[in-house]
Amino acid sequence: MRTSAHTPSTAPLVSTSFQDPEAVAPAVVQAVSNVSEDPIESLPPLNTAVDPDALAALVESGTVAHVAFSYHGHDVVVTAAGDIDVY
């Protein structure tokens, strides 16, 4: 995984959240689709950027942590608390 290039003072283009750890992968794809204005079907599989099972495990862990990665030309940050920011 690559770390994101945004700075903490940069506002995300979209912020969203999810409840179910299994919903994190579809939520990331939907958020990036919204920002890029590309249909979900045209985006590459999420597993080309990050392991979806690892994202779900992060959320299930209950830790105070986050994962940052690039997907479809955008930096994405997913927190263990269930937040997604797309830059």
Side-chain angles (χ1 to χ4, degrees):
M1 280 183 261
R2 276 186 345 195
T3 58
S4 61
H6 72 276
T7 60
S9 63
T10 304
L13 298 171
V14 70
S15 292
T16 189
S17 61
F18 57 92
Q19 298 296 320
D20 178 9
E22 296 302 315
V24 62
V28 166
V29 174
Q30 182 64 58
V32 171
S33 174
N34 292 346
V35 169
S36 67
E37 298 181 356
D38 291 326
I40 290 173
E41 301 81 25
S42 72
L43 300 184
L46 183 61
N47 66 3
T48 62
V50 68
D51 180 349
D53 293 333
L55 288 179
L58 170 73
V59 175
E60 289 174 344
S61 73
T63 62
V64 178
H66 72 274
V67 173
F69 56 95
S70 292
Y71 175 60
H72 193 61
H74 294 279
D75 292 324
V76 179
V77 177
V78 177
T79 70
D83 299 313
I84 299 168
D85 290 331
V86 181
Y87 297 85

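Quick caveat: nothing in here was measured; it's all calculated off a predicted structure. Sequential numbering from 1 along the given sequence is applied to the chain's residues.
Summarising the geometry of Val14 relative to Ala31, their closest heavy-atom pair is CG1-O, 3.9 Å, with the distance given to 0.1 Å. Across all their heavy atoms, Phe18 and Thr79 have their closest contact at CZ-O, 4.4 Å. The minimum heavy-atom distance linking Ala56 with Pro21 is given by the pair CB-O, 3.5 Å.
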Working for side-chain contact (heavy atoms from CB on, under 4.5 Å), residues Ile84 and Val77:
CA-CA 6 Å; Ile84 299 168; Val77 177; over 6 Å; no
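To the nearest 0.5 Å, atoms CD (Glu60) and CG (Asp53) are separated by 9.5 Å. Rounding to the nearest 0.5 Å gives a distance of 10.5 Å between OG1 of Thr48 and NE2 of His72.
The main-chain N or O of Tyr87 is found under 3.5 Å from a side-chain atom of His74 such that the two form a donor-acceptor pair.
A 4.5 Å side-chain heavy-atom check between Phe69 and Val78 finds at least one atom pair inside the cut-off. You'll find the side chain of Leu58 reaches within 4.5 Å of the side chain of Thr63, heavy atoms only. Between Leu46 and Val28 there is a side-chain heavy-atom pair separated by less than 4.5 Å. Counting heavy atoms from C-beta outward, Val86 and Pro12 have side chains that stay 4.5 Å or more apart. Val29 has its side chain within reach of Tyr71: a pair of non-hydrogen atoms, C-beta onward, lies under 4.5 Å apart.
Side chains of Ser17 and Asp83: no donor on one and acceptor on the other come within 3.5 Å. Side chain to side chain, Ser33 and Asp38 fail the donor-acceptor criterion of an N or O pair below 3.5 Å.
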